[in-house]
Amino acid sequence: MNTIQLSVIIPVYNEEEGLQALFDRLYPALDKLGVAYEILFINDGSRDRSPAILREQFQNRPDVTRVILFQGNFGQHMAIMAGFEFAHGQRMVTLDADLQNPPEDIANLLSKMDEGHDYVGSIRRQRNDSWWRHAASRAMNNLRERITRIKITDQGCMLRAYDRKIIDAINSCKEVNTFIPALAYSFARNPAEVVVGHEERAAGESKYSLYSLIRLNFDLMTGFSVVPLQMFSMLGISISVLSAFFVAFLLVRRLIIGPEAEGLFTLFAIAFLLIGITLFGIGLLGEYVGRIYQQVRHRPRYLVDAVLERHE
Ligand code: UDP
Ligand code: MG
């Protein structure tokens with residue numbers, strides 16, 4: 001079992017229209033590499049014919065195909081986590097099922113690893129996304145790099161290669177909210193990035209909305225850094241110091257000049273500012289408390305229905 005050099009991990013969620021095209025390109029591309037490989041498909045609770053198609057493909061190529069069928073929809077990252085735990089390869093490559101990244105580029109990732117990198121990320125050569133995704137992702141990258149020190153040029157691209165050591169580290173993490181490329185990056189000794197091809201989705205539609213992209217970035221910021229929390233306490237401290245001076249100033253003024261009514265609206269402005277900051281702080285605290293809550297529940301991160309694999 002230890003002889004498997006490469007595991008390719010593919011989460012599948014309602015991809016019935018695209019799976020056959022994926023098989024037609026993925027298997028020849030991997031056969032050509034000349035390494036002992038396995039492909040792990042994780043069906044993330046698809047409600048279409050995807051599980052049936054995967055079963056069929058398992059029967060066609062039982063030598064290199066393994067299928068994990070989840071009981072429900074646990075999300076793309078949990079599916080990849082399950083893949084990491086089940087896979088035997090010395091190196092692992094994650095790939096989306098929708099053919100947005102060409103499977104032929106796996107060879108490029110692996111040759112980059114041969115140069116001694118333990119983590120190889122990817123940058124999409126040509127983005128076919130809408131302009132707001134483009135602008136938003138650039139802004140998020142800047143912010144994220146500044147507060148987490150995680151340098152991922154293109155976080156939307158899941159075609160990435162990881163060394164066994166990194167996978168073992170990831171497997172020992174019991175976090176609930178996580179973003180695998182960032183987690184891997186934080187364990188990598190010598191990360192690198194390569195440019196890969198990018199196409200329109202072959203079939204089906206994207207499973208991600210603007211809302212889930214925003215959620216993902218919250219996971220990234222609060223899951224890998226306490227800077228947002230620290231920033232807020234710094235803000236709180238400076239405001240308290242300033243307002244202490246202000247109160248002292250007003251007190252002295254009151255004693256010298258006597259009562260004044262004109263300052264009322266200034267006071268309102270200050271009060272609203274403080275209310276705003278307080279609300280923001282409560283929201284930010286909620287982010288962390290929410291994570292603590294999820295962590296202490298100790299729920300299983302995913303449930304496996306069946307595993308299709310050949311017994312050695
Ligand atoms: N996916 C999944 N579970 C989900 C959503 C998505 O396993 O709940 C899989 C999906 O089948 C695909 C990959 O994750 O293989 C990426 O999804 P998608 O292509 O919709 O994301 P996008 O490329 O639009 O970011
Ligand atoms: Mg996609």
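As the structure lists them, so they are numbered: ligands from 1, and atoms in each ligand from 1.
The shortest side-chain heavy-atom distance between Cys157 and Val196 falls under the 4.5 Å cut-off.
Considering both main-chain and side-chain atoms, Ala79 never comes within under 3.5 Å of ligand 1 through any nitrogen or oxygen pair.
Shortest contact from atom 3 (N) of ligand 1 to any protein heavy atom: Asp44 OD2, 2.6 Å. The nearest protein atom to atom 8 (O) of ligand 1, hydrogens excluded, is given as Asn73 ND2, 3.1 Å; this is a heavy-atom distance. Distance from atom 10 (C) of ligand 1 to its nearest protein heavy atom, with residue and atom name: Glu15 OE2, 3.2 Å.
Using a non-hydrogen distance threshold of 4.0 Å, Arg201 registers as a contact of ligand 1.
Those atoms of ligand 1 with a heavy atom of Tyr13 less than 4.0 angstrom away are 1 (N), 2 (C), 3 (N), 4 (C), 5 (C), 7 (O), 8 (O), 11 (O). The ligand atoms of ligand 1 that sit less than 4.0 angstrom from a heavy atom of Gly75 are 3 (N), 8 (O). Of all atoms in ligand 1, listed by their number and element, those nearer than 4.0 Å to a heavy atom of Asp98 are 18 (P), 19 (O), 23 (O). With ligand atoms numbered from 1 in the order given, ligand 1 contributes 20 (O), 22 (P), 24 (O) to contacts under 4.0 Å with heavy atoms of Ser206. Atoms of ligand 1 lying under 4.0 Å from any heavy atom of Gln100, numbered from 1 in the order shown and given with element: 19 (O), 23 (O).
Gln100 lies close to the Mg ion (ligand 2), since one of its N, O or S atoms is found at a distance under 2.8 Å.
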